[in-house]
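Each remark here refers to the structure printed beneath this line.
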Amino acid sequence: RSGEMAKLTQLIDNEVFRAYATYTTIVLLKMMLMSLITAYFRITRKAFVNPEDTASFCKGENAKKYLRTDPDVERVRRGHLNDLENIVPFLGIGLLYALSGPELYTALLHFRIFAGARITHTFAYLIPLPQPSRGLSWAAGYAVTISMAYKVLKTALYL
Amino acid sequence: RSGEMAKLTQLIDNEVFRAYATYTTIVLLKMMLMSLITAYFRITRKAFVNPEDTASFCKGENAKKYLRTDPDVERVRRGHLNDLENIVPFLGIGLLYALSGPELYTALLHFRIFAGARITHTFAYLIPLPQPSRGLSWAAGYAVTISMAYKVLKTALYL
Amino acid sequence: RSGEMAKLTQLIDNEVFRAYATYTTIVLLKMMLMSLITAYFRITRKAFVNPEDTASFCKGENAKKYLRTDPDVERVRRGHLNDLENIVPFLGIGLLYALSGPELYTALLHFRIFAGARITHTFAYLIPLPQPSRGLSWAAGYAVTISMAYKVLKTALYL
């Protein structure tokens, strides 16, 4: 048992893998934060989508007026979906990239740009900042993911 | 070749990793089930979104009346999206957590609560059960994921 | 350090794992392409959702007419969401499957069918091809994922 455990721990001891673990956890926690922001806006704007969600504070016909969309809620939800669309590729391609033996310096550069880009993207979406703030931060994360995918395919290609 | 294979098999022989593999597969299969439930409601409620989907059973102008939204279909779709938003973080953070060397007992506790919470969440959403059933089951899965993220960052932090 | 690195590189040297890395990267890049196609249709159809996105080419009240939904944009977005719903399970279950020690021939068969099915699904959705093209390509990717999940549970089950 302890031999196996040591082997697994070696993976998490590798610096590139630790960097991947750190930045992946950060961007996934950031994505999870979108759920809380959505809930905050749904409650403060009183804009719900499920009838059972309004039943706690309002009974009868009156509750129906809270079953509506709100621009702020919808904005957070779009940011959340954009996170899913971009963080899922990072999760998969980033793991394979971390296992493909990149230089630590290069790997850190990729991970830091991605995490910075997604955090910037969230601020640009929620404040909102004028374009091209959101567009550029999206593009930075996208480009870094493509760069990692290129390294993975160059190292591991097996069709 | 067989030396490498043994090394890989050792990963899947580790009990924490096997538990992660089991519970991840269960929650991903549960998420995939949402596609079938959506298809079931689209067909029984005759509520489609793509014109080519109605062409098989209905021709011409008459087909347009089946291009509509249905409350039951939309409810399943919201449950499906909520799965994506919560199971993707579990997939990534759970993998890193399993590699960070947790106690088997603690790891099993995390994985079981998460899987139980997501299955309860699905029932709470689809029946639907009165709140706070859905809210609490969502929060349980969320809290467990945060707890695993804390362990990952404590073990592997490399910024 | 170099001993650890060698250990990690051994993972990426394993042929089944290299095949997983290759096909996962391909389907994730394909999914990322949906973002570019959405952007292309939003710009050519002038159909935006965020007010700040129209400000660059159009000022004042006139800009509001470009805040609208467009059938082509919505179609690409549905294809993108369907990718997320199906590629996320492949990402997780496929990784565990690759680590469960399958035969190289069998693993390649699974990965190739999945990648082929998702590429076909995208063409079937965007052209669009008459049904059951889209339905069958969706079902092929779904069936292959279930088959991999069965192998994972058979090899690793630890409840």
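We name chains A, B, ... by the order of the sequence lines, and we start the count at 1 in each one.
Applying the side-chain contact (heavy atoms from CB on, under 4.5 Å) test between Leu95(C) and each of Thr24(B), Leu95(B), Leu91(B) identifies Leu95(B) as the sole match. The side-chain contact (heavy atoms from CB on, under 4.5 Å) test with Glu52(B) is passed by exactly one of Ser133(C), Pro128(C), Pro132(C), Pro130(C): Pro128(C).
Residues Asn50(B) and Arg78(C) are in side-chain contact: their nearest non-hydrogen atoms beyond the backbone lie under 4.5 Å apart.
Residue Leu129(C) touches chain B through its backbone alone, counting heavy-atom pairs closer than 4.5 Å. Both the backbone and the side chain of Val49(B) have a heavy atom closer than 4.5 Å to some heavy atom of chain C. Using a 4.5 Å cut-off between heavy atoms, Leu153(C) touches chain B through its side chain atoms alone.
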Inset, instruction - Apply side-chain contact (heavy atoms from CB on, under 4.5 Å) to the pair Leu81(C) and Leu81(B), showing each step before the final yes or no. - result: CA-CA 9 Å; Leu81(C) 186 58; Leu81(B) 187 57; 4.2 Å; yes
Inset, instruction - Begin with the C-alpha distance, continue with both residues' side-chain angles, and end with the deciding distance and a verdict on side-chain contact (heavy atoms from CB on, under 4.5 Å) for Thr25(B) and Met148(C). - result: CA-CA 10 Å; Thr25(B) 303; Met148(C) 293 192 303; over 6 Å; no
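Ion pairing between a basic and an acidic side chain is recognised when a charged N comes within 4.0 Å of a carboxylate O; Glu85(C) and Arg77(B) show no such pairing.
Smallest separation of non-hydrogen atoms from Tyr158(C) and Tyr23(B): O-CE1, 3.8 Å. When every heavy atom of Arg18(B) is checked against every heavy atom of Ala156(C), the shortest pair comes out as NE-O, 3.1 Å.
Chosen from Leu84(C), Thr155(C), Val88(C), the residue pairing most often with chain B at heavy-atom distances under 4.5 Å is Val88(C).
Chain C is approached within less than 4.5 Å, heavy atom to heavy atom, by Leu108(B), Arg112(B) from residues 106-125 of chain B, ordered by number.
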